[in-house]
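The structure appears below as structure tokens.
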Amino acid sequence: MNPLPIIRAYRPADRAAVADVCVSTADEGGDSRARFPDEELMPAIFAEPYCRLEPELAFVLDDGWGRAVGYVVGTGDTAEFVARFRDTWIPRIAHRYPAPTTPPRTPAEEMVGLLHTPERMILPELAGHPAHLHIDLLPDFQRRGHGRALMNTFLTALHDRGVPAVHLGMVTANTPARAFYDRLGFYEIPVDDPGPLTYLGRSTVVEAVARVGRGRAVPVAGDAGRP
């Protein structure tokens, strides 16, 4: 019998698997390799900095054999995270992705511009939702309750820290993702000039029944050093 997937804390050994999940889902939920040929770029913006700067809020879905096939990462304080991103993360990778000096000509250049402007994450309309997150799952593990379980694990960790609410920005065109967030109780937060994104938020309070996927038990494994 194959082992059941479990949710556990992120480990440094998960870096490559988490990057693969990010790349495999970064183009409106689909594989981004054709659009962004450099496979380190998208993880360098949307996954790895969270695992390094706020590892206590990084959780993975382990396929039962030790491989991360999904993750949720984020921060409990967006403004503080942006400051650390600017001061700590950008200097680590600026040699690989220098700050742009000309307008972007390709999707990859647009992403490098985002990398160097972390302050874009701070919007006045989101002040009441100080935390934010990114969640991704490989297609074979979607629509099986794992996304809900990952989200509830993250929300519970935020709530235990005293963080009242969380937000996320999603590509508006990704309608399956919007349906997923709607089912989890997220609501739209109006933002002036949101560009291609829709901002969603919700409380970090998780109903007891939701913690086990509405009646479907989801095993959660602890890790040494996990709060």
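Sequence positions, counted from 1, serve as the residue numbers for this chain. Computed from a prediction, not measured in an experiment: that's the story for all the values here.
Taking 4.5 Å as the limit, every side-chain heavy atom of His129 sits out of range of all side-chain heavy atoms of Leu168. Counting only heavy atoms from C-beta outward, the side chains of Met111 and Phe46 approach each other to under 4.5 Å. Inter-residue side-chain proximity for Leu61 and Pro5 is flagged as met; some heavy-atom pair is nearer than 4.5 Å. In this structure, Val69 and Asp62 have side chains that are not in contact, with every pair of non-hydrogen atoms separated by 4.5 Å or more. Taking the side chain as every heavy atom from C-beta outward, His132 and Thr75 approach each other to under 4.5 Å. Proximity of Pro190 to Glu125: side-chain heavy atoms (C-beta onward) are nowhere separated by under 4.5 Å. Between Ile7 and Val60, every side-chain heavy-atom pair lies at or beyond the 4.5 Å cut-off. Residues Glu48 and Val18 form no side-chain contact, since every pair of their non-hydrogen atoms from C-beta on lies 4.5 Å or further apart.
Scanning all heavy atoms of the two residues, the minimum distance from Gly64 to Pro3 falls at O-CG, 3.3 Å. Shortest non-hydrogen contact noted between Leu57 and Phe154 is O-CE1, 3.4 Å. In this structure, Ile90 and Pro118 approach most closely via the heavy-atom pair CD1-CD, 4.0 Å. The minimum heavy-atom distance between Met170 and Leu200, with the atom names listed, is SD-CD1, 3.8 Å. A pairwise comparison of heavy atoms in Thr78 and Met121 identifies CG2-O, 3.7 Å as the closest pair. A pairwise comparison of heavy atoms in Thr88 and Arg92 identifies O-CG, 3.3 Å as the closest pair.
Placement of Ile135 and Phe141 within a single hydrophobic cluster is found when ILVMFWY residues are connected by side-chain heavy-atom separations under 4.5 Å, directly or transitively. Val23 and Val73 are assigned to two separate hydrophobic clusters, defined by single-linkage of ILVMFWY side chains at heavy-atom distances under 4.5 Å. Val205 and Val166 fall into different hydrophobic clusters, where Ile, Leu, Val, Met, Phe, Trp and Tyr side chains are chained together by heavy-atom contacts under 4.5 Å. With hydrophobic clusters built from ILVMFWY side chains whose heavy atoms lie under 4.5 angstrom apart, Phe186 shares a cluster with Val163. Connection of Ile189 to Ile122 is not established within any shared hydrophobic cluster, with ILVMFWY side chains joined at heavy-atom distances below 4.5 Å, either directly or through further cluster members.
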Open item on the list: What verdict does the ring-ring contact (aromatic ring centres under 6.0 Å, His included) test give for His167 and Tyr187, after you've listed the backbone C-alpha separation in whole Å, the side-chain angles of each residue and the deciding distance to 0.1 Å?
Closed with: CA-CA 9 Å; His167 75 269; Tyr187 47 80; over 10 Å; no

Task: Derivation and outcome, salt bridge (charged side-chain N to carboxylate O under 4.0 Å, His left out), residues Asp77 and Arg84 - done: CA-CA 11 Å; Asp77 186 329; Arg84 286 188 290 149; over 6 Å; no

Task: Worked check of side chain to side chain contact (heavy atoms under 4.5 Å, CB included) between Leu126 and Val191 - done: CA-CA 8 Å; Leu126 304 176; Val191 168; 4.3 Å; yes

Task: Audit row: Val206, His159, side chain to side chain contact (heavy atoms under 4.5 Å, CB included) steps and yes/no - done: CA-CA 8 Å; Val206 178; His159 187 67; over 6 Å; no

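A donor-acceptor contact shorter than 3.5 Å is absent between the side chain of Arg183 and the backbone of Arg148. Checked by atom type and distance alone, the side chain of Thr172 pairs as donor or acceptor with a backbone atom of Pro196 at under 3.5 Å. With Trp89 contributing its side chain and Arg52 its backbone, the two residues share no donor-acceptor pair below 3.5 Å. Arg35 contributes no side-chain N or O that, together with a main-chain N or O of Asp31, makes up a donor-acceptor pair within less than 3.5 Å.
Around the CZ atom of Arg15, the shell of radius 6.0 Å holds no more than 12 heavy atoms that belong to other residues, nucleotides or ligands.
Side chains of Tyr97 and Asp38: a donor on one and an acceptor on the other come within 3.5 Å. Side-chain contact check for Ser32 and Asp27: no donor-acceptor pair (N or O, by modelled atom type) lies under 3.5 Å.
In summary, Asp14 and Arg8 engage in a salt bridge, as defined by a charged side-chain N under 4.0 Å from a carboxylate O. The pair Arg202-Glu188 does not count as a salt bridge, with every side-chain nitrogen at least 4.0 angstrom from each carboxylate oxygen.
If you take CD1 on Ile93 and CG on Leu115, they are separated by 4.5 Å, rounding to the nearest 0.5 Å. In this structure, Tyr71 OH and Leu133 CG are separated by 11.0 Å, a value rounded to the nearest 0.5 Å. Atom CD of Glu110 and atom CZ of Arg105 lie 12.0 Å apart (nearest 0.5 Å). To the nearest 0.5 Å, atoms CG (Leu137) and CZ (Phe180) are separated by 7.0 Å. Distance check, rounded to the nearest 0.5 Å: CG of Asn152 to OG1 of Thr204 gives 11.5 Å. With values rounded to the nearest 0.5 angstrom, Cys51 atom SG is found 11.0 Å from Glu56 atom CD.
The aromatic rings of Tyr50 and Phe81 lie parallel to each other, their planes meeting at an angle below 30°, with 60° marking the opposite boundary.
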